[in-house]
Peer 1: 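Attaching a single structure in structure tokens format; questions to follow.
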There are 2 protein chains.
Amino acid sequence: MLLNPRPDPAPSAHDRVYRGLRGRIMHGELAPGLPLTLRGIGAEFDVSMTPAREAVRRLSAEGALTISSSGRVSTPELSNDRIEELAALRALLEVELASRALPRAHIALIERLQSINSRIAEDIARQDAVAYIRRNLEFHRTLYLRAQAPAMLAMAETVWLQLGPTMRALYGRLRRKDPPHYHRLIISALKAGDEPGLRLAVRSDVTQGLRMLVA
Amino acid sequence: MLLNPRPDPAPSAHDRVYRGLRGRIMHGELAPGLPLTLRGIGAEFDVSMTPAREAVRRLSAEGALTISSSGRVSTPELSNDRIEELAALRALLEVELASRALPRAHIALIERLQSINSRIAEDIARQDAVAYIRRNLEFHRTLYLRAQAPAMLAMAETVWLQLGPTMRALYGRLRRKDPPHYHRLIISALKAGDEPGLRLAVRSDVTQGLRMLVA
DNA sequence: TGGCGCATTTCGTGATCACAAAAGACGAAT
DNA sequence: ATTCGTCTTTTGTGATCACGAAATGCGCCA
């Protein structure tokens, strides 16, 4: 008997649309305030309005899209207060996730993180904002997966999703040269098993970038 | 000119369904594992399948409903691990919310909380589990509204939503006689402006009930 | 040149329908 | 009595359509 490792011969249309849009939003490929239409989304993914609407509805429930009172769909434009709040949420959730991941962080994980980190440096050198955002989130997700806390990780990803378009606007204007300093602190704290240091490093890394966006 | 305080003459169908289902789930009116059908929901709210599906899709995005691989909809049956994780999330978020509400908590708010608390005692005397859950959440929400942190409050409510059916199962079997002890500690800490005490009281209140559910 | 009003187009909403897959009911064979 | 196979029913999915509202474009007038 041959069990297919991917028992998914027919992914549903709305899920395909959902995943496609979600990826673009989270990785900052869509600018804040960008208007979308159901018919446009449907045409782009080659489906009718029905699954497009379901995907949009789901994304708006996660805060990845905003729907005006007249039903118009667009990527969110966040106020400074909201950005600060989301940054505080990131700090709250991700510090906890990192803390839970710490006792399970073996050497293989740390090497993976270092590998991701060096690729981030390449993305920075190439000035590729989207790749940088994606790789940065991959760094964090790789660490947090070890926390064995799926609901908490899902919430953190929801926050990333809400910040996606805004992060694009941030890293677009920010011309940085150096790889993220706090990522190296995170790795050091992981190696040393230093929980307070890890918490501080994660909090700093998460808060750092958002601060200049508010300015 | 007479401005209507409710400028919502025509609430959309899917929103009506969403709100209706959400309230029932959050307040524990639906048992865990209860199967639902789109046609049934549509008939109950007197709409077609389309808005019913949108509401269900949105609720499943919030974790209030689970959708099987074949598309079947039901209220979630949470594992013990998931319950513990959600309790930890409640602690994390609500301690922060209470802490942010503390400096803005005036006497009028505290009186409102005491009023809600005495009604909780009545609900307990009446052995009305649904009313108890609803009032208990009202107590927490009233406090957290003062935190001026809408995104954080929304996340906390999402956790409540996921725990709704399970809380029903909990308070159904639990025959308690006394009003919640930790609510009085919360009020005391608010009066005294005691932040560490408040954080501890909220954490205890949130963790308390869930512990015996895991047993 | 700038603002106003009307017609056209675009867009979201919700109902309906055909289709396929899953679940359930029923009966026969062991 | 139980299990297996089949047939019927139930259910979710996605496309299409009609409708009304919102937005857009355009021309007119000041």
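Naming: A, B, ... by sequence-line order, numbering from 1 per chain.
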Peer 1: Quick one: H14(B) NE2 to dG12(C) C1', roughly how many Å, whole number?
Peer 2: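 It is 10 Å, rounded to the nearest whole Å.
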Peer 1: At under 4.0 Å between heavy atoms, what does I67(B) touch on the DNA or RNA strands: base, sugar-phosphate, or nothing?
Peer 2: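 Since no nucleic acid heavy atom lies under 4.0 Å of I67(B), the category is nothing.
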Peer 1: State whether S48(B) places a side-chain N or O below 4.0 Å from either non-bridging phosphate oxygen (OP1 or OP2) of dA15(C).
Peer 2: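 Affirmative; the distance criterion is met.
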Peer 1: Give I41(A) one of three labels, base, sugar-phosphate or nothing, depending on what nucleic acid heavy atoms sit under 4.0 Å from its own.
Peer 2: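 Counting heavy atoms under 4.0 Å across all strands, no contact is made by I41(A).
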Peer 1: Both A13(A) and S70(A) contact DNA chain D. Taking the nearest nucleotide for each, which residue is further toward the 5' end?
Peer 2: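 Checking each residue's closest nucleotide, the 5'-ward one belongs to A13(A).
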Peer 1: Heavy atoms from C-beta onward define the side chain here; which of dG12(D), dA15(D), dA22(D) lies closest to that of V47(A)?
Peer 2: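 Looking only at side-chain atoms, V47(A) lies closest to dA15(D).
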Peer 1: In whole angstroms, how far is the C1' atom of dA15(C) from the CZ atom of F45(B)?
Peer 2: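 After rounding, the gap between these two atoms is 18 Å.
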Peer 1: Does R57(B) place a side-chain N or O at less than 4.0 Å from the phosphate oxygens OP1/OP2 of dT13(D)?
Peer 2: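 So the side-chain polar atoms of R57(B) do come within 4.0 Å of the phosphate oxygens OP1 or OP2 of dT13(D), strictly under.
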Peer 1: Starting from the 5' end of DNA chain C, give me the residue, R39(B) or G40(A), whose nearest nucleotide shows up first.
Peer 2: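 The answer here is G40(A).
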Peer 1: Expressed in angstrom and rounded to an integer, what is the separation of R16(B) atom CZ from dT13(C) atom P?
Peer 2: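 It works out to 15 Å between those atoms.
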Peer 1: Hey, which of these two, D15(A) or S68(A), hits DNA chain D nearer its 5' end, going by closest nucleotide?
Peer 2: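 In this pair, the answer is D15(A).
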Peer 1: Around atom CZ of R203(A), are there more than 12 heavy atoms from other residues, nucleotides or ligands closer than 6.0 Å?
Peer 2: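 Open: at most 12 neighbouring heavy atoms sit under 6.0 Å from CZ of R203(A).
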Peer 1: Does E44(B) pair with R24(B) as a salt bridge, N-O distance under 4.0 Å?
Peer 2: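 Here E44(B) pairs with R24(B) in a salt bridge, since their nearest N and O are under 4.0 Å apart.
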Peer 1: Rounded to whole angstrom units, what separation is found between the CG atom of D46(A) and the C1' atom of dG14(D)?
Peer 2: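 Rounding to the nearest Å, CG of D46(A) and C1' of dG14(D) are 13 Å apart.
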Peer 1: What contact category does T50(B) fall into here, base, sugar-phosphate, or nothing, at under 4.0 angstrom with non-hydrogen atoms?
Peer 2: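 Base contact.
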Peer 1: Can you measure M49(A) atom CE to dG14(C) atom P for me and round it to whole angstrom units?
Peer 2: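 Rounding to the nearest Å, CE of M49(A) and P of dG14(C) are 11 Å apart.
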Peer 1: In whole Å, I'd like the distance from the CD atom of E54(B) to the P atom of dA15(C).
Peer 2: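 That distance rounds to 10 Å.
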Peer 1: Testing H183(A), R141(A), H27(A) one by one against N136(A) for a side chain to side chain donor-acceptor pair (under 3.5 Å), which residue passes?
Peer 2: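 That would be H183(A).
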Peer 1: Do the charged groups of D15(B) and R57(A) touch, with an N to O distance under 4.0 Å?
Peer 2: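 Salt bridge flag = no for R57(A) with D15(B).
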Peer 1: Does this structure show an ion pair linking E138(B) with R134(B), if we count only N-O contacts that are shorter than 4.0 Å?
Peer 2: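 Salt bridge flag = no for R134(B) with E138(B).
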Peer 1: If you take atom types as modelled and just measure distance, does the side chain of R53(B) reach the base of dG14(C) with a donor-acceptor pair under 3.5 Å?
Peer 2: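 Side chain to base: no pair below 3.5 Å.
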Peer 1: Check the distance between dA21(D)'s C1' and R72(A)'s CZ and give it to me in whole angstrom.
Peer 2: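 For the pair R72(A) CZ and dA21(D) C1', the rounded distance is 8 Å.
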Peer 1: What is the distance, rounded to the nearest whole Å, between atom CG of L36(B) and atom P of dT10(D)?
Peer 2: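 Roughly 18 Å, once rounded to whole Å.
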